[in-house]
Amino acid sequence: MYRLSGITSVTLNSFINKFCQTNTFSKSYYKNILKVIKGSFRDACDIYGFIKYNPTITLKIPKIEMVKKKTACGSGKKYKNSIK
């Protein structure tokens with residue numbers, strides 16, 4: 001049996017949530033990461049037969065709000081992710 005079959009949707013969901021909380025990338029960046037993860041598991045399930053069930057079917061990006069923060073000099077803008 002493959003180690004890939006030990007990954008569950010709960011494991012992936014907690015990974016995605018933690019990743020979104022610890023990094024400050026744009027929402028489109030997170031969506032692209034999710035596309036790669038879903039595509040990889042879809043291929044492993046449907047094409048190669050490594051796993052019988054695709055755990056990414058129910059995966060979604062958590063709701064992310066971008067909060068603007070002013071920098072010390074006031075001219076630049078920094079953003080921080082706020083997950084709800």
Side-chain angles (χ1 to χ4, degrees):
M1 202 38 86
Y2 296 98
R3 291 182 78 179
L4 193 60
S5 62
I7 298 175
T8 64
S9 58
V10 174
T11 307
L12 286 170
N13 195 26
S14 65
F15 168 75
I16 292 292
N17 285 334
K18 189 181 291 186
F19 184 75
C20 291
Q21 287 175 350
T22 57
N23 296 300
T24 56
F25 299 117
S26 67
K27 189 172 183 177
S28 62
Y29 182 80
Y30 295 124
K31 284 183 178 181
N32 287 333
I33 289 175
L34 191 62
K35 283 181 192 177
V36 170
I37 292 171
K38 283 187 169 191
S40 300
F41 275 92
R42 184 185 60 240
D43 289 350
C45 183
D46 298 339
I47 296 173
Y48 300 111
F50 293 148
I51 53 178
K52 293 181 181 183
Y53 172 73
N54 184 354
T56 63
I57 292 173
T58 58
L59 260 184
K60 292 183 181 178
I61 295 290
K63 188 172 182 177
I64 299 171
E65 286 187 16
M66 300 303 280
V67 179
K68 291 182 183 179
K69 283 189 165 185
K70 291 185 179 179
T71 58
C73 63
S75 61
K77 294 178 184 173
K78 287 191 175 182
Y79 295 95
K80 181 181 177 194
N81 289 345
S82 174
I83 298 176
K84 288 189 172 186

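Just the heavy atoms: all of them, side chains too, but no hydrogens, waters or symmetry mates, feed the values below. In what follows, residues are counted from 1 in the order of the sequence shown.
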- Message: Measuring only between side-chain heavy atoms, which start at C-beta, is F25 closer than 4.5 Å to I33?
- Response: no
N/O donor-acceptor pairs under 3.5 Å from side chains in residues 40-51, not counting sequence neighbours:
{"residue": "S40", "atom": "OG", "partner": "V36", "partner atom": "O", "Å": "2.8"}

- Query: Rounded to the nearest 0.5 Å, how far does CG of N13 lie from OG1 of T56?
  - Reply: 11.5 Å
- Distance col, row C20:SG vs K63:NZ, nearest 0.5 angstrom, shows 14.5 Å
- Item | Test item: T22 side-chain N/O and K18 main-chain N/O as donor-acceptor pair under 3.5 Å | yes
- Please report the shortest heavy-atom distance between P55 and T8, naming the atom on each side. CB-C, 3.8 Å
- Does K38 reach the main-chain N or O of L59 with its side chain, forming a donor-acceptor pair under 3.5 Å? yes
- Task: Look up atom NZ in K60 and atom CG in L34, then write down how far apart they are to the nearest 0.5 Å.
- Result: 11.0 Å
- Message: Any heavy-atom pair between the side chains of S9 and I57 that's under 4.5 Å?
- Response: no
- If you measure from CG on L12 to CZ on F19, what distance do you get to the nearest 0.5 Å? 13.5 Å
- Item | Shortest non-hydrogen contact from F15 toward I37 | CE2-CD1, 4.3 Å
